[in-house]
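Some notes on the structure that comes next.
Whatever order the structure lists them in is the order used to number ligands and atoms, beginning at 1.
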Amino acid sequence: MTGGDGLWITLEGGDGAGKTTQSDLLESWLRDAGRTVLRTREPGGSEVGQLIRDIVLHHRGDIAPRAEALLYAADRAHHVATVVGPALERGDIVIQDRYLDSSVAYQGAGRVLDAAEVRDLSLWATEGALPDLTVLLDLDPQIARTRLDAADKPFDRLEAEKLDFHVRVRAAFLALAVAEPARFLVVNAADTPDGIARTVRDRVTDLLAAR
Ligand code: TMP
């Protein structure tokens with residue numbers, strides 16, 4: 001992405017697809033191999049971002065779709081400028097839960113804003129920064145909902161949306177992966193966590209070898 005030697009990996013997918021589990025497994029594997037890893041997330045990967053996260057996920061009542069898109073973009077701008085960019089400059093491996101593809105999928109397809117405009121907004125916010133690898137954990141929203149129900153935690157504003165919202169989000173993620181096959185690795189999130197982790201490790205191994 002930037003001038004640094006780091007590697008930037010983002011994980012995407014619907015709520016309940018298993019991003020945290022896969023980030024944990026990837027982080028342990030990389031740390032065991034002696035790599036320096038930064039774990040981060042959007043929204044909320046910086047102090048300013050925590051404040052924005054609280055608004056976008058927990059504000060009671062509606063937020064206008066364009067305001068919501070701008071809040072995510074503001075979080076992203078500050079996060080890339082102050083957290084991700086410096087880590088990549090240092091040569092760290094950044095494992096990040098969600099990035100601009102989430103905005104295209106959730107604010108674009110989910111909230112029905114123009115997908116290209118939402119993407120351009122984030123690219124403006126981050127001066128065009130794109131990850132080296134984006135792992136898309138693809139899962140039927142019905143299965144994801146069953147997993148979230150089993151976790152027995154209160155839903156945030158997005159999780160609480162109806163099934164058809166999540167069906168549109170899933171389709172948007174898959175379309176993004178088709179449009180950028182070199183950046184995306186699509187995995188079936190219904191597979192076993194170990195099986196998925198192996199597939200991700202293989203791709204990361206290739207990326208590290210190619211550097
Ligand atoms: P998570 O941290 O549990 O993944 O929750 C973040 C929620 O925010 C999730 O429902 C997806 C949503 N989201 C967007 O709508 N747009 C975005 O740009 C990002 C990063 C997340």
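- For atom 4 (O) of ligand 1, the nearest non-hydrogen atom of the protein is Arg98 NE, 2.7 Å.
- Remark: ligand 1 and Arg76 share an N or O pair separated by less than 3.5 Å (distance only, no angle test).
- Scanning the protein for heavy atoms near atom 5 (O) of ligand 1, the closest one is Asp156 OD2, 3.9 Å.
- Salt bridge annotation for Asp92-Arg39: absent, with no cationic side-chain nitrogen under 4.0 angstrom from a carboxylate oxygen.
- For Thr134 and Thr10, the side-chain atoms include at least one donor-acceptor pair closer than 3.5 Å.
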Side chain to side chain contact (heavy atoms under 4.5 Å, CB included) between Arg170 and Phe165, worked out: CA-CA 9 Å; Arg170 181 195 194 188; Phe165 174 96; over 6 Å; no
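- Close approach of ligand 1 to Leu158 (heavy-atom distance below 4.0 Å) involves ligand atoms 10 (O), 12 (C), 15 (O).
- The closest side-chain donor-acceptor pair between Tyr106 and Asp15 falls under 3.5 angstrom.
- Here Arg76 pairs with Glu42 in a salt bridge; the nearest charged N to carboxylate O distance falls below 4.0 Å.
- Within the 4.0 Å heavy-atom criterion, neither part of Arg41 lies near ligand 1.
- Contact analysis puts Arg53 in contact with ligand 1, with a non-hydrogen atom separation below 4.0 angstrom.
- Near Asp15, meaning under 4.0 Å from any of its heavy atoms, are these atoms of ligand 1: 9 (C), 10 (O).
- A salt bridge links Asp101 to Arg183: at least one charged side-chain nitrogen sits closer than 4.0 Å to a carboxylate oxygen.
- The distance criterion of under 3.5 Å between nitrogen or oxygen atoms is met by Ser103 with respect to ligand 1.
- Here Arg168 does not pair with Glu161 in a salt bridge; the nearest charged N to carboxylate O distance is not below 4.0 Å.
- Heavy-atom contacts of Lys19 reach the following atoms of ligand 1: 4 (O) (cutoff under 4.0 Å).
- Contacts of Gln107 with ligand 1, taken as heavy-atom pairs under 4.0 Å, involve the side chain alone.
- Looking from atom 14 (C) of ligand 1 to the surrounding protein, the closest heavy atom is Tyr72 CZ, 3.2 Å.
- Listed by atom number, the atoms of ligand 1 under 4.0 Å from Leu57 heavy atoms are 7 (C), 8 (O).
- Checking side-chain atoms of Arg53 against main-chain N and O of Ser46 turns up no donor-acceptor pair under 3.5 Å.
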